[in-house]
Amino acid sequence: MGDVDTDVPITFVDDTHKLGQFLTWLNERRTCLAVDTETEGLEFWKCGVRLIQVGDARTGWAFPWPHWAGPALAAISAYDGPIVMHNAKFDTVMIEHHAPSFTVPRAQLHDTMIMGHLVSPHTSKALKSLCTQHMGAYASSLQRALDEAMAKNRWTWATVPIEFPMYWGYGCIDTVLTARLYDILHPQVQSSYEDLYELEMATMHIVASMEKRGARVDLAYCARARDQLGEFIESATQWCLDTYGFRPGSNREVTRQLLADGVTLTKRTKSGDWALDDDVLSGLELQGNVLATTVRGVRKATKVKSTYFDNFITLHDNEVLHPSINQLGARTGRMSVNSPALQTLPRGPMVRDAFIASDDNVLVMADSDQIEMRLLAHFCRDEGLITAINSGDLHTDTARRVYGDMSIGKKDPRRQTAKNAAFAKVYMAGVDKFAATAGVSIEEARTFLSEYDRQFPGVKAFQKHVDAVAQQRFIEERQAYVTAPTGRKHVADDVRTAYKLVNYLIQGTAADVLKMQLRNLDLAGLGPYMTLPVHDEVVFDIPRSEVSELIPVISQAMNITEGWAVPITAGVDGPYERWGDKYRE
DNA sequence: GTCGCTTGCCAC
DNA sequence: AAACGTGGCAAGCGAC
C-alpha cells in the first residue's frame, strides 16, 4: 500500500494569528469542507471532545476543543458549501452534545462512510480501507508512528497530549483524506445512488436521535434478575465441580465425561470435534442425562445474565441505555445494534421486562407483516404467492395449497411447516436444512418443496433469474452483483456464492423499506419518540397523553400501499408499561 | 495480561 | 447440480 502525501500544510490553531490565517483560507474555493473530531472515547455521554479538525483536499487545521471549539464551530456555521465527515453520526452526536447551542447544518452534510458503503457494500467502510481502495494510498507511516508513540508513552485516546504533533497532525490528515474521498465518491453517488443516498442521510439523523434518546431500563429489576441467575449459575457450577471436577462451561471436559459415561455422539463441529450444541444436549436430556440438563441450564442462564442483565447494569447512563446503532452494519444495508445488542433480546418477558417507558410515557411497537415474503412476491410476481399473501394468512394458505387440504387451520402443524418453507426460500436453503429446521423427514421436506415449486413457480424462476444476471455480470464485469429497486447494489464475494444474492435482495430491500418507514415516521412528527429499529420493527417511547392520537399516525407511516406488487402492511402493538407486557397479552 | 480462534446462541 | 442469509456477543483455550 502506498503512502499518501503527508507533507500537506497543517496547523494547530491556538492563537489569534493562526485563527486569522484559517479564516482567510476558509474563503478559498473548494469542493467541500471536511470536519472531524478526536474524542476521549466512543460514548458521547461520558467522553469529551479533545480536538476538532477542519480541512479540505489540500490543507488541515486542528483546534483544541477547550478554548477553540467556538471559532471552529462558528466557521462551520458560516460556511455555505458541502460539509463532509467520515461517519458523520458519531461526530455530529459528539459535537452537538458538547456544544448544545451548535447544530451541524443538516442540508449541507455529507458522509463518505455512507458513500463508501453504497459504492462497495461488500468491503470495509473504514476511512483507511476506502483511501486504499479508491486512492491507492493511506497515511500508513503516520498512523504507525502515532501508534508507536502512543504505545511507548502508554497514552490512550483520552490521555495523549492534545498538542502532541503526531496526534493533531494525524487528525488534520484525516480531514484531508475525507475531502479527497468525497471528490472521488460523491460524483459516483450522484450518478448512481442519488435517492438512496438521501434516504441514508435522512436515516442517519433519525438513528442519531435514537442513540441520544436511548432506552429506559429498570435497574432494580435488572439487579434482581442478575442476582437470581447468578445464584443458580453458582450452585449448578459448584455441583458440577463437586461431582465431576470441571466447569459446565468447558465443552471439552463435558464431552470427555459424556463419552466416558458411554454416551453415543454423532454430530461433529466444523473442525471435526464432537458437537455439543443445544440440539445434542436436548437429545441427551430426553434420555435422562443429568449432566446435559445442568449444562443446558447453566448455558441459558449465563447467556441471559452476561449478555443482557450484566451489560444493562454496566452500560447504562442514568438508567438509560444508549446503544450504538450501525446504520450500515450489514452488507445488505440492514442496521446492526451493539453495546448492548438490543436487536437480539430473547423473546418473552424475562429480559424485555427490563425495558420501561420514560416518565409519563408508554411503549409502542410497530412491525411489518411478513415483509420478506411480501418482497419475494414483489420480485417474482407469482400470482399464487400474491393471492396467498392477500388472503390475510399467508402460511395457512400456503399449507392448504401445498397439501391440497382446505381444512388446514391456524393451529395445524402443517402451517408451521409452510412457514419454515417460506424462510427456506428466502435463505436459499436446500432440502436437508429445511427438513432439519422444520423438524420433518427428508422425504416430507422433498415432497413439500417440490409441490411448493409447482404451486408457486415464480419463486424458482426468480431465483434462477437472479443467478443468471449475476453470472452474466461476472463474465462481463468480473463482479457478480444485482441492483435492488432502491438502487442499492448487492455484490457476491465469489461467483460460487452468487446464490446468496437472492437473500441479499430480499433482506436488503426489507432494510430499505424500514428506512423509508423511519423517514415517513420522522416526517409525521414521530422523530422525538422513536428509540430502536429492529429490522422490520420500530420501538417507540411516547407521552401517554399522545398515544391515542399517534398510533394511527404510526400505522399510516408504516403502511405502504403504492409501488409494490402487494401492499406493505404493518401492525402496531401497545401501549405498554414494559416491553415484556407484549408477551403477556 | 492481551489477542485471535472456535463454538455456541440470541434476534430478524 | 447445489447452496439457509445478516448481525453481536460470551466463554474457553492456546499462542504471543
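Worth saying up front: this structure is predicted, and the values here are computed from it rather than measured. Each chain gets a letter, A, B and so on, in the order the sequences are listed, and its residues count up from 1.
Not counting sequence neighbours, A:S306 has no partner by the side chain to side chain donor-acceptor pair (under 3.5 Å) test. Evaluation of the ring pair (Phe, Tyr, Trp, His ring centres under 6.0 Å) rule for A:Y576 yields no partner, not counting sequence neighbours. Every residue two or more places apart in sequence or in another chain that forms a side chain to side chain donor-acceptor pair (under 3.5 Å) with A:K460 is listed here: A:D453. Applying the ring pair (Phe, Tyr, Trp, His ring centres under 6.0 Å) test to A:F246 and every residue at least two apart in sequence or in another chain returns A:Y244. With sequence neighbours excluded, no residue forms a ring pair (Phe, Tyr, Trp, His ring centres under 6.0 Å) with A:Y308. Qualifying ring pair (Phe, Tyr, Trp, His ring centres under 6.0 Å) partners for A:W274, counting only residues two or more places apart in sequence or in other chains: none.
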Pairs under 3.5 Å (N/O, protein and nucleotides 1-3 of chain C):
none

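Residue contacts shown for A:D278 are limited to sugar-phosphate atoms, with no base heavy atom under 4.0 Å away. Within the nucleic acid shown, A:F434 has no heavy atom closer than 4.0 Å to any nucleic acid atom. Within the 4.0 angstrom heavy-atom criterion, only backbone atoms of the sugar-phosphate kind lie near A:A275; the bases stay farther away. As judged by a 4.0 angstrom heavy-atom cut-off over every strand, A:K425 is placed among residues making no nucleic acid contact. If you check every strand for non-hydrogen atoms under 4.0 Å, A:L276 touches sugar and phosphate atoms only.
Once you apply a 4.0 Å limit to the heavy atoms of chain A, the touched nucleotides of DNA chain B run 5' to 3' over B:dT6 to B:dC12.
In the helix from B:dG1-C:dC16 to B:dC12-C:dG5, the terminal helix axes, each the rotation mapping four pairs' C1' atoms onto the next four within five end pairs, subtend 10°, rounded to 10°.
Of the residues in residues 335-345 of chain A, those placing a heavy atom less than 4.0 Å from an atom of DNA chain B are A:Q343, A:T344, A:L345, in numerical order.
Heavy atoms from other residues, nucleotides or ligands lying under 6.0 Å from CZ of A:R268 number more than 12.
The phosphate of C:dT6 has OP1 or OP2 within less than 4.0 Å of a side-chain N or O from A:Y504.
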Run the side-chain donor-acceptor check on residues 500-509 of chain A: report pairs under 3.5 Å with partners two or more places apart or on a different chain.
from	atom 1	to	atom 2	distance (Å)
A:N503	ND2	A:V426	O	3.1
A:Q507	OE1	A:T332	OG1	2.7
A:T509	OG1	A:L505	O	2.6

Next on the checklist: Each nucleotide in nucleotides 11-16 of chain C should get exactly one letter: B, S or -. Can you fill that in based on protein heavy atoms under 4.0 Å?
Outcome noted: SSSS--
